[in-house]
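A short worksheet on the structure shown next.
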Amino acid sequence: EGSEEQSVPILFDKKTKRIVNNESAEIIRMLDRCALDLGASEGRPQLYPDDVAVRAEIDELNQRIYVGINNGAYKAGFSSDQAVYGKAYRGYFGTLEMLEAKLASDGRPFLTGEHFTEADLRLFPTLYRHDPVYYVRMKLNAAKILDYPHLWRWLCRVYALPGVADSGSLVHCR
């Protein structure tokens with residue numbers, strides 16, 4: 001094993017020597033469904049629980065997070081058109097405000113309540129990179145995550161989950 005950074009989502013079948021899937025959202029759900037068969041412990045978080053109401057909330061959050069945060073960061077950061085940049089910028093910080101209010105409303109530890117879910121997983125990488133990288137490089141400088149107390153606590157809580165701190169670095173982003 002080297003120290004090279006890896007960032008391409010891909011699920012590869014070593015037996016048939018072919019790519020099974022390269023869509024990160026689908027890979028997350030495939031691995032979540034098969035986690036126990038793949039050796040995960042019984043107490044692991046279920047990223048997309050069977051509860052229909054929680055799934056609906058996750059689906060809504062995923063859409064808002066993807067459009068406003070994940071994709072919004074890149075639309076703002078790589079735009080050469082001021083109107084496109086402005087719309088992405090406003091959407092990004094509007095979504096952060098919505099997420100801050102959601103976490104503040106009842107002191108919930110994670111986006112859908114008491115348990116870490118797929119919505120938290122989708123939000124984490126962009127928020128983790130915001131202060132040290134996106135604030136300057138993507139020109140998303142209206143505020144730092146540190147300025148959103150509930151999102152900041154959420155970010156620290158997710159980072160403290162087993163395995164998260166060891167799963168990536170900011171070297172390749174900088």
Side-chain angles (χ1 to χ4, degrees), residues 1-11 21 23-74 92 95-135 138 140 143-174:
E1 283 194 61
S3 61
E4 293 179 28
E5 296 286 339
Q6 304 292 323
S7 65
V8 177
I10 192 166
L11 188 57
N21 199 314
E23 166 47 50
S24 60
E26 292 174 12
I27 292 170
I28 289 170
R29 291 203 180 156
M30 291 168 78
L31 293 175
D32 187 44
R33 274 193 312 274
C34 300
L36 293 176
D37 294 335
L38 295 169
S41 64
E42 283 286 338
R44 70 153 186 95
Q46 191 175 6
L47 297 177
Y48 198 64
D50 294 330
D51 183 301
V52 175
V54 175
R55 282 187 173 190
E57 187 175 9
I58 290 169
D59 291 343
E60 179 190 339
L61 282 165
N62 285 349
Q63 177 64 22
R64 295 188 74 176
I65 289 166
Y66 176 74
V67 172
I69 303 290
N70 305 136
N71 199 38
Y74 287 93
Y92 186 90
T95 305
L96 288 180
E97 290 289 339
M98 179 275 294
L99 294 169
E100 174 71 7
K102 186 173 197 57
L103 290 168
S105 69
D106 58 8
R108 61 182 58 197
F110 299 105
L111 294 177
T112 61
E114 293 299 314
H115 303 287
F116 180 85
T117 67
E118 183 182 295
D120 298 288
L121 181 61
R122 287 175 182 249
L123 180 62
F124 178 76
T126 305
L127 262 56
Y128 176 65
R129 294 174 185 143
H130 177 86
D131 288 8
V133 181
Y134 295 169
Y135 183 85
M138 300 297 199
L140 292 167
K144 293 188 171 191
I145 301 306
L146 191 57
D147 298 326
Y148 297 93
H150 294 89
L151 277 171
W152 176 251
R153 281 193 290 279
W154 171 90
L155 185 62
C156 294
R157 186 176 297 114
V158 173
Y159 188 79
L161 291 172
V164 174
D166 297 331
S167 67
S169 75
L170 296 170
V171 174
H172 71 288
C173 293
R174 289 183 182 153

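Counting only heavy atoms from C-beta outward, the side chains of L127 and L96 approach each other to under 4.5 Å. A heavy-atom distance below 4.5 Å is found between the side chains of F116 and V158. Annotation: side chain of V54 is in contact with side chain of I58 (closest heavy-atom distance under 4.5 Å). Residues Y92 and M138 have side chains not in contact (no heavy-atom distance under 4.5 Å, counting atoms from C-beta outward). Using a 4.5 Å heavy-atom cutoff, the side chains of Y135 and L140 are not in contact.
The six-membered or imidazole ring of Y148 lies away from that of H130, with a centre-to-centre distance of 6.0 Å or more.
Among all heavy-atom pairs drawn from E23 and N21, the shortest one is N-OD1, 2.7 Å. For the residue pair P109 and W154, the shortest heavy atom distance occurs at O-CD1, 3.5 Å. Taking all atoms of both residues into account, the shortest heavy-atom contact from P9 to I27 is C-CD1, 4.1 Å. Between I145 and D131, the closest heavy-atom pair is N-OD1, 2.6 Å. Nearest heavy atom pair, residue R122 against residue A25, reads NH2-CB, 2.9 Å.
In this structure, Y66 places its OH atom where only 12 or fewer heavy-atom neighbours from other residues, nucleotides or ligands lie under 6.0 Å away. For R64, the CZ atom is loosely surrounded, since the number of other residues' heavy atoms within 6.0 Å does not exceed 12.
Side chain of R33 to main chain of I28: no donor-acceptor pair is present (N/O by atom type, distance under 3.5 Å, no hydrogens or angles). Judged by distance alone, with hydrogens and angles left aside, the side-chain atoms of S105 form a donor-acceptor pair with the main-chain N or O of K102 at under 3.5 Å. Counting only distance, with no hydrogens or angles, the side chain of D147 and the backbone of K144 share a donor-acceptor pair below 3.5 Å. Using modelled atom types, no side-chain atom of H115 and backbone atom of P49 make a donor-acceptor pair closer than 3.5 Å. For E118 (side chain) and L47 (main-chain N/O), no donor-acceptor pair under 3.5 Å exists by modelled atom type. Using a distance-only test at 3.5 Å, with no hydrogens or angles considered, a donor-acceptor pair links the side chain of D120 to the main chain of L111.
In summary, of the residues considered (T95, T126, N62), a side chain to side chain donor-acceptor pair (under 3.5 Å) with N70 occurs for T126 alone.
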Item to check | From CA spacing to verdict: side-chain contact (heavy atoms from CB on, under 4.5 Å), Y48, L121 | outcome: CA-CA 11 Å; Y48 198 64; L121 181 61; over 6 Å; no

Item to check | Full working for side-chain contact (heavy atoms from CB on, under 4.5 Å) between R153 and H150 | outcome: CA-CA 5 Å; R153 281 193 290 279; H150 294 89; 3.4 Å; yes

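In summary, R108 and E114 do not engage in a salt bridge, as defined by a charged side-chain N under 4.0 Å from a carboxylate O. Taking a cutoff of 4.0 Å between a charged side-chain nitrogen and a carboxylate oxygen, R44 and D32 qualify as a salt bridge.
Atoms CG and OG, on L11 and S24 in that order, are 12.0 Å from each other to the nearest 0.5 Å.
With a 6.0 Å cutoff to the six-membered ring centre and a 45° limit on the axis angle, R129 does not count as a cation-pi contact of Y134.
Using cut-offs of 30° and 60° on the angle between ring planes, the pair Y128 and Y159 is parallel.
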